[in-house]
Student: 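Sharing a structure with you now.
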Amino acid sequence: INLMGPPPMPPLDVPELTGPQVDALAGKVQLVDARPRRSFAAGHLPGSLGIEAGDGFASWVGWLTEFGSPLVFVVEEEDPRALAKDVARIGFDRVVGFVRDLTPWARQGELSSYRVAPLEEFGAAARDPAKHSILDVRAPGEWAGAHIPGSVNRYVPDLLDEPRGYEPGAEVWVACESGFRSTIAAGLLQRQGAIP
């Protein structure tokens, strides 16, 4: 693209999709859930990537999805056209549409979820590594600076290829600095069957 010059940005037509339309696209698109991290944790479409809208949104989409993949956004108050513009700037210009209402899937019991623990509870789990696998998904340099004794460092992108880093049968607790990368990691681990 750099040598030949990129094609002009296509029109950013991002239609709202119905539940049946999204279901019909299963396996053909990458679902990117741009809602706040607690909304993603409370209930999300199985297989979706939880990448909260913000400054790093496009970078993480580009890093974690196959180049040229058609995308469907899951949003609450986020502007799907603005998100489409962000990812188009890095060459992801196949945004099929967006969905705002997950109620149909919730009624059918088809949403995935996981629990977000308060810091005090996480601290107690970290002190008992025999029963809990603490997976630190920060960058290796952050890990080298300081980390929880007994935890395992698996940077978020590494989970795409090899989700190991936890003991089979143990509870998996995912940690980062702010919760942004933990959200992404939890979605990846669920998609791979590492956490329920």
Student: Under the ring pair (Phe, Tyr, Trp, His ring centres under 6.0 Å) test, which residues partner Phe98, sequence neighbours left out?
Tutor: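 Here no residue qualifies.
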Student: Do Phe40 and Ser48 have side chains that approach each other closer than 4.5 Å (heavy atoms only, starting at C-beta)?
Tutor: yes
Student: What's the separation between atom CH2 in Trp60 and atom CZ in Phe180, rounded to the nearest 0.5 Å?
Tutor: 7.0 Å
Student: By side chain to side chain contact (heavy atoms under 4.5 Å, CB included), which residues pair with Asp79, not counting sequence neighbours?
Tutor: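 Asp79 satisfies side chain to side chain contact (heavy atoms under 4.5 Å, CB included) with Arg81, Ala82 once adjacent residues are dropped.
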Student: Quick check: do His44 and Arg35 have side-chain heavy atoms less than 4.5 Å from each other?
Tutor: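 Answer yes - side chains close enough.
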Student: Partners of Thr103 by side chain to side chain donor-acceptor pair (under 3.5 Å), sequence neighbours excluded?
Tutor: Asp101
Student: Let me check something: do Leu160 and Phe92 share a hydrophobic cluster, defined by ILVMFWY side-chain heavy atoms less than 4.5 Å apart, either directly or through other members?
Tutor: yes
Student: Out of curiosity, Leu135 CG to Leu159 CG, how far, rounded to the nearest 0.5 Å?
Tutor: 6.0 Å
Student: Judged by modelled atom types alone, do Glu52 and Thr183 share a side-chain donor-acceptor pair under 3.5 Å?
Tutor: no
Student: Return a table of donor-acceptor pairs under 3.5 angstrom between the side chains of residues 61-73 and protein atoms on other chains or two or more places apart.
Tutor:
unit_1	atom_1	unit_2	atom_2	d
Thr65	OG1	Val61	O	2.6
Ser69	OG	Glu66	O	2.5

Student: Under the rule for side chain to side chain donor-acceptor pair (under 3.5 Å), what residues qualify as partners of Trp105, not counting sequence neighbours?
Tutor: Asp23
Student: I need the Lys85 NZ to Leu83 CG distance, nearest 0.5 Å.
Tutor: 12.0 Å
Student: Would you say that Ile148 contacts Phe122 through its side chain, given a criterion of any heavy-atom pair below 4.5 Å between the two side chains?
Tutor: yes
Student: Quick check against the 3.5 Å criterion: does Asn153 have a side-chain atom that pairs as donor or acceptor with the backbone of Asp136?
Tutor: yes
Student: How close do Arg138 and Ala146 get, counting heavy atoms only, and between which atoms?
Tutor: NH2-O, 2.6 Å
Student: Does Arg181 come within less than 4.0 Å of Glu142, counting only side-chain N to carboxylate O?
Tutor: yes
Student: Val74 versus Leu102: any side-chain heavy-atom pair under 4.5 Å?
Tutor: yes
Student: Minimum heavy-atom separation for Val116 and Ala41, please, with both atom names.
Tutor: CG2-CB, 3.5 Å
Student: Considering only heavy atoms from C-beta outward, does the side chain of Tyr155 approach that of Pro140 to under 4.5 Å?
Tutor: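 The answer is yes; the side chains approach within 4.5 Å.
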Student: What's the shortest heavy-atom distance between Pro15 and Asp13, and which atoms?
Tutor: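 Scanning both residues, the minimum pair turns out to be CD-O, 3.4 Å.
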Student: Quick check against the 3.5 Å criterion: does Glu121 have a side-chain atom that pairs as donor or acceptor with the backbone of Leu119?
Tutor: no
Student: With a 4.5 Å heavy-atom cut-off, do Glu78 and Pro36 have their side chains touching?
Tutor: yes
Student: Starting at SG of Cys176, measure out to CD1 of Ile184 and round the result to the nearest 0.5 Å.
Tutor: 8.5 Å
Student: If hydrophobic clusters are built from ILVMFWY residues whose side chains come within less than 4.5 Å, do Val14 and Leu49 share one?
Tutor: yes
Student: Just verifying a value: how many Å separate Trp143 CH2 and Arg154 CZ, rounded to the nearest 0.5 Å?
Tutor: 11.5 Å
Student: Do Tyr114 and Val174 have side chains that get closer than 4.5 Å, going by heavy atoms?
Tutor: no
Student: Hey, is the main chain of Ser112 close enough, under 3.5 Å, to the side chain of Gln190 for a donor-acceptor pair?
Tutor: no
Student: Mark yes or no for whether Arg37, through its side chain, and Ser178, through its backbone, hold a donor-acceptor pair below 3.5 Å.
Tutor: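 Yes; judged by distance alone, with no hydrogens or angles, the pair exists.
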Student: Could you pull out all residues at least two apart from Gln21 that satisfy side chain to side chain donor-acceptor pair (under 3.5 Å)?
Tutor: Thr18
Student: According to a 4.5 Å side-chain heavy-atom criterion applied to Ile, Leu, Val, Met, Phe, Trp and Tyr, with indirect links allowed, do Val32 and Val156 form part of one hydrophobic cluster?
Tutor: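 Same cluster: Val32 reaches Val156 through Ile, Leu, Val, Met, Phe, Trp or Tyr contacts under 4.5 Å.
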Student: When you group the ILVMFWY residues by side-chain heavy-atom contacts below 4.5 Å and let the links chain together, are Leu31 and Leu17 in the same group?
Tutor: yes
Student: Within this structure, what is the CD-CG distance for the pair Glu76 and Asp33, rounded to the nearest 0.5 Å?
Tutor: 8.0 Å
Student: Transitively linked via ILVMFWY side-chain contacts under 4.5 Å: Leu111 with Val99?
Tutor: yes
